[in-house]
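First listed ligand is number 1; within each ligand, the first listed atom is number 1.
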Amino acid sequence: MALELVTIPCLTDNYAYLIRDKATGETALVDVPEAAPILAELALRGWRLDKIFLTHHHNDHVQGTDELVQATGAAVYGAQADVHRLPPLTRALTEGDEVTVGETIGHVMDVSGHTIGDIAFVFPSAQMAFTADSLMAGACGRLFEGSPAMMWASLSKIAALPTQTIICSGHEYTASNLRFAATIEPANADLLDRIARVAAARAAGLPTVPSLLSEELATNPFLRVKLPHIKKALGLPTASDAEVFAAMRARKDTF
Ligand code: ZN
Ligand code: FE
């Protein structure tokens, strides 16, 4: 694996991720819910922070950026579409742009839906995707700005990555997400198994992220809307995948 990955719990239920290129030692951070735990982790490991990648403008993903930049001098990368509402950027990104962590190359993917301008960072050689509040463990982010069709298109791009991709998402919402999933698919054995594993992890105080894309494809109902039994569960047996996705997202909003 070309990148070393460190999951850092922040605030009450957020996650930031440090990624370090093993060949060069260059280190980047994905999202900055707060600076203190990240600075502590860097100090513990003796790592210097070179780059900050921001997924979207919500405060709980960016509010530690200025403090971290002052402490480390790291360069800040975020979406061109959001320059007006992100901390000052060193470089503005659009879909398909390349970013690097040392010798490891990543690609920017537009995953609008939770917000418009939301981006994911995909590192194929490391088999990692940083999806924050787009594809989440067991669900997807709420649609604050985009339409269901937009989010469905974004999730479909993530779902098409290699199934062994490590999905690094932004929150510890997994247990609640899977409780919702079980209302849609009460007989999904993979889901019931995941619910048990997530409960055990939480009882041990461990994060339930990152997750594997293969696991999301097997248990996350938002990636499973094409299945006939799921369409039926939502009362939409003949609807399109995007329509079923929209109905499922609406149902979860009131779950
Ligand atoms: Zn958000
Ligand atoms: Fe968030």
Side-chain angles (χ1 to χ4, degrees), residues 5-19 28-38 52-68 76-87 89 92-93 95 108-122 128-155 157-158 166-181 198 202 207-211 216 220 222-223 245-246 248-250 252-255:
L5 176 69
V6 181
T7 304
I8 306 179
C10 294
L11 304 174
T12 54
D13 58 33
N14 278 79
Y15 289 109
Y17 295 93
L18 280 173
I19 44 179
L29 173 75
V30 182
D31 283 347
V32 203
E34 56 178 334
I38 292 152
I52 296 169
F53 299 139
L54 300 174
T55 61
H56 66 295
H57 75 283
H58 285 159
N59 266 338
D60 64 311
H61 295 259
V62 305
Q63 66 198 359
T65 304
D66 292 345
E67 187 182 342
L68 211 50
V76 183
Y77 297 65
Q80 171 78 58
D82 278 337
V83 284
H84 61 289
R85 56 184 184 175
L86 286 171
L89 300 180
L93 303 168
E95 164 132 314
V108 174
M109 189 185 273
D110 182 313
V111 291
S112 289
H114 175 67
T115 66
I116 293 176
D118 202 336
I119 54 176
F121 296 87
V122 180
M128 287 175 197
F130 295 86
T131 58
D133 299 356
S134 55
L135 178 60
M136 307 185 79
C140 68
R142 206 176 269 262
L143 303 181
F144 286 112
E145 297 179 2
S147 65
M150 188 183 278
M151 181 61 117
W152 175 239
S154 296
L155 293 184
K157 289 192 284 188
I158 299 170
I166 298 164
I167 301 296
C168 302
S169 53
H171 288 270
E172 186 57 63
Y173 295 162
T174 318
S176 154
N177 288 344
L178 296 181
R179 270 198 301 281
F180 173 76
V198 162
R202 293 312 293 150
T208 63
V209 297
S211 56
E216 299 305 331
N220 183 330
F222 291 94
L223 297 185
F245 171 80
M248 188 184 291
R249 187 55 257 184
K252 188 169 189 299
D253 286 347
T254 59
F255 176 69

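- Vertex the Fe ion (ligand 2), arms ending at NE2 of H171 and OD2 of D133: the angle is 100° after rounding to 10 degrees.
- The aromatic rings of H61 and H56 sit tilted relative to each other, their planes meeting at an angle between 30° and 60°.
- Annotation: E67, atom CD; neighbour count of heavy atoms from other residues, nucleotides and ligands within 6.0 Å does not exceed 12.
- At a threshold of 2.8 Å, the Zn ion (ligand 1) has a backbone or side-chain N, O or S atom of D133 nearer than that distance.
- Ring centers of F130 and F53: at least 6.0 Å apart, outside the cut-off.
- Between T115 atom OG1 and D133 atom CG the span is 8.5 Å, to the nearest 0.5 Å.
- Using a distance-only test at 3.5 Å, with no hydrogens or angles considered, no donor-acceptor pair links the side chain of K252 to the main chain of C140.
- Within H58, the N, O or S atom at minimum distance from the Zn ion (ligand 1) carries the name ND1.
- Rounded to the nearest 10 degrees, the angle NE2 (H61) to the Fe ion (ligand 2) to OD2 (D60) equals 90°.
- The atom name of the N/O/S atom in H56 closest to the Zn ion (ligand 1) is NE2.
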